[in-house]
Engineer: 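Just dropping this structure here.
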Amino acid sequence: MTTSVISGKYVLGMRDGEQAVLQDHYVYVDGTRIEAVTRDAPAAGTPVVRYEHGFVMPGFVNLHAHCIRGGLFRGIPDDLEIQPYVPKLVYNVLLPLTALAAKELTPAELRAVTALGMVDLLKGGTTTVLDMWHHGQDVFFDVAREIGLRTVGAPFIMSSSNSRLGPDGYPVWDFGNDGMAQLAKSIALFKARDEGRDGLAQVAIGPHATDTCLPALLRECRRTADDLGCILTTHFAQTPQELSLLRTRYGMGAAEYARDTGLLGERVVLAHAGCATDEELAVLAGTGTHVANCAFSFAREGQNFPYARFAKAGVRTGIGTDSHGMDIIGELRVTGLLSKQLYGQAHVGTAHQLMRAGTLAGANALGRPDLGRLQAGAKADILVFDLFKPHLQPVWDPVKNLIWKGHGGDIAFSMVHGEPVVRDGKLLKADEGAIMRVAAAAARKIWSIGEGRGILPAPAAMQ
Ligand SMILES: [Zn+2]
């Protein structure tokens, strides 16, 4: 039975398995699912959400994020003079700050910080996120349910939580048995919280990275993911240091190591893969392994890992925001522009390719043919952008307007799992102001402890 109908001037529907812009169509919703996408007008009395200049499209699927870190680290990694950038930033600043947060945040503060990242995601257009956080922060699923965000949660599993950067610039770990205990926690979490496709929450297996997990742990993670029938996700080929560490420690390249430890295949999502060689990308493509491209995070460090490099190699490529912010349209725009820069061509990294990457490819990577598309039987995860804005008029192609000129502030309405979550810019299921106030105070508390311990410099603007 139809529970609501959504319509706008344009609808991004499906035709012959491909995305297509349809004019003056209606999206019929029945409970949590889409019943039909059709020109047929609804019967009188049916509740209709109608935006005259609306662009109705599927919610974005964000394939790699850390929404708890998003708020905690806001502004910290930007413009920082640390070279070589990534390892020192991660091991000297971000991981110590994360550890501080795990110790010092009260449950209410952790909830608010988590909620802040999720509200940021939702108001940016993400309706499904594959997110990695630390065990002990499992409030994640409760907060997501409260706000109305669809999640696949993959708590970190590491061979050691005790990592630091050694004097030679390589990360050093005190490896112990932490990893197996963390894997056991992930299995317990899966049993307790995974709701399958019919629910809002799923659990994935998330070994942290190729350099923070020992091979035996990675293999056990893969076996577990196969047993549970869930996604496995990890960080892969993020830095040259990681690759040379694999070479030194195991005598293998990144793809070879991934093959050896079970990190390849259609049920695997590798975050980044930016340092993989062309030959290694061919291995990922040949095995159907998915990559979560997060170009913005790396671009701010001066590295160019654009979408088109992976797509051209035939790799199944979705898009994630990582933790610099949760703005998926901004992420698509950055990776599109970097793609054009890399190849010196305007017709790579097109708006339509990026739209598919941000919706269909992300959903496919999660093994969810019922997400990322507007068609009968798919989940009712729906966005309506109001195109009657000075920066979005006139409209020749709504997909181009949205990707190159739009932002989350243009969302007029959004629905997840058949339930409205944002209307006219307002979050419907939680108090956004209260979340921001508590989360900001919590982040400032962590920063000030971090400054006191020499992890963080005092911000120049505040002196
Ligand atoms: Zn990440």
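Counting starts at 1 for both ligands and their atoms, following the listed order.
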Engineer: Taking only residues at least two apart or on different chains, which pairs with a member in residues 114-142 satisfy ring pair (Phe, Tyr, Trp, His ring centres under 6.0 Å)?
Structural biologist: Trp133-Phe140, Trp133-Phe141, His134-Phe156
Engineer: Run through the protein N/O/S atoms less than 2.8 Å from the Zn ion (ligand 1) and write them out by chain and number.
Structural biologist: His64 NE2, His66 NE2, His235 NE2
Engineer: Dump the intermediate steps for salt bridge (charged side-chain N to carboxylate O under 4.0 Å, His left out) on Arg373 and Glu18, then the final yes or no.
Structural biologist: CA-CA 10 Å; Arg373 64 208 83 200; Glu18 288 291 331; over 6 Å; no
Engineer: I want to check a possible cation-pi pair here: Lys312 against Tyr343, using under 6.0 Å from ring centre and within 45° of the ring axis as the test.
Structural biologist: yes
Engineer: Quick one: side chains of residues 111-122, donor-acceptor pairs under 3.5 Å with protein atoms, not counting sequence neighbours, listed by atom name and distance.
Structural biologist:
{"unit_1": "Arg111", "atom_1": "NH2", "unit_2": "Glu146", "atom_2": "OE2", "d": "2.6"}
{"unit_1": "Thr114", "atom_1": "OG1", "unit_2": "Leu110", "atom_2": "O", "d": "2.6"}
{"unit_1": "Asp120", "atom_1": "OD2", "unit_2": "Arg74", "atom_2": "NH2", "d": "2.9"}

Engineer: Could you tell me whether the side chain of Thr261 reaches within less than 4.5 Å of the side chain of Arg222, counting heavy atoms only?
Structural biologist: no
Engineer: Identify, with sequence neighbours excluded, every residue that meets side-chain contact (heavy atoms from CB on, under 4.5 Å) alongside Arg316.
Structural biologist: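 Arg316 satisfies side-chain contact (heavy atoms from CB on, under 4.5 Å) with Glu266, His290 only.
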